[in-house]
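Here is the structure we will look at, set down as structure tokens.
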Amino acid sequence: MKVAENLIHINQQISHACQKVNRAPDEVKLIAVTKYVSTERAKEAMEAGIVNLGENRDEGLLAKWDVLGDKPKWHFIGTLQTRKVKNIIDKVEYIHSLDRISLAEEINKRAGKKIKCLVQVNVSQEESKHGLAAEEVLDFIKSLRPYENIMIEGLMTMAPFTDDETQLRNCFRRLNELRHHIQNCNLDYAPCTELSMGMSNDFGIAIEEGATMIRIGTALVGEVGEEEKK
């Protein structure tokens, strides 16, 4: 199915979720996660009107950058190794996976301007997921004050892969509560307005619980090889 057709359906779901909680659809940034698809499929997403593209590996981002350049806004959404920072730092709009001081030091050193970062939080406390424990986040953010090239725009999490709506809501709600707690600290380098949470299987619930960024791959652009099946 074409990305434009998928996008119509997803926008309807976004509008429905926003309507349920009296939010405006334009409060939600849709990030097309293109990590499993070709550059052509990513280009198709842009032609459908999608502005934000997300990649989780530097190799994938650089390969698509060579063709698409800075036309989309690039979001780095995967675990970022410190040695890879130099490869993507001048190409990304957001880094969604800041979770340690060594990474902050490298970003700060390599950046020629303020970089919009989101702190990754392992709200679900799953061993398979990266990110800080919720109770560590505020102290971590306070420790970032000396890094003049880092702006903490918000928080990111990955919910458990489950159909349990209560479990999903609790995860997203906890991140939203944590965001409000940080905002109340009035840190000039950490406005913390963004919540990056929700993927193909749970983005409606995430929006209802306050998501400002949703990361949609399979439901929007499909999986690897799918574009060749048409």
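Atom CD of E27 sits in a crowded spot, with more than 12 heavy atoms from other residues, nucleotides or ligands closer than 6.0 Å. Summarising the local packing, NZ of K129 is surrounded by more than 12 heavy atoms from other residues, nucleotides or ligands at distances under 6.0 Å. Summarising the local packing, CZ of R174 is surrounded by 12 or fewer heavy atoms from other residues, nucleotides or ligands at distances under 6.0 Å. Annotation for Q125: atom CD does not count as buried by contact number, only 12 or fewer foreign heavy atoms lying within 6.0 Å.
Inspection of the N176 and R179 side chains reveals an N or O donor paired with an N or O acceptor under 3.5 Å. Side-chain atoms of H180 and Q183 include a donor-acceptor pair closer than 3.5 Å.
Of the possible donor and acceptor atoms, none in the side chain of K64 sits under 3.5 Å from a partner among the backbone N and O of E55. Here the side chain of S97 pairs a donor or acceptor atom with the backbone of G78 at under 3.5 angstrom. Looking only at distances, a side-chain donor or acceptor of T212 sits under 3.5 Å from a matching main-chain atom of L195.
For the side chain to side chain contact (heavy atoms under 4.5 Å, CB included) criterion with M156, the lone passing option out of E194, M213, M197, R215 is R215.
Connection of V51 to M46 is not established within any shared hydrophobic cluster, with ILVMFWY side chains joined at heavy-atom distances below 4.5 Å, either directly or through further cluster members.
Taking the six-membered ring where tryptophan is involved, the planes of Y94 and H75 are essentially parallel, since the angle between them stays under 30° and well short of 60°.
Between G198 and A206, the shortest heavy-atom distance links the atoms CA-CB, 3.6 Å.
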Practice item. Under the side chain to side chain contact (heavy atoms under 4.5 Å, CB included) rule, what do D99 and F140 come out as? Steps first, then yes or no, please. Key: CA-CA 8 Å; D99 62 355; F140 175 71; 5.8 Å; no
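We find that K116 and E153 are not joined by a salt bridge, their nearest charged nitrogen and carboxylate oxygen being 4.0 Å or further apart. A salt bridge between E106 and K86 is absent, with no side-chain N of the basic residue lying under 4.0 Å from a carboxylate O of the acidic one.
Hydrophobic cluster membership for V21: none, as no Ile, Leu, Val, Met, Phe, Trp or Tyr side chain comes under 4.5 Å of it.
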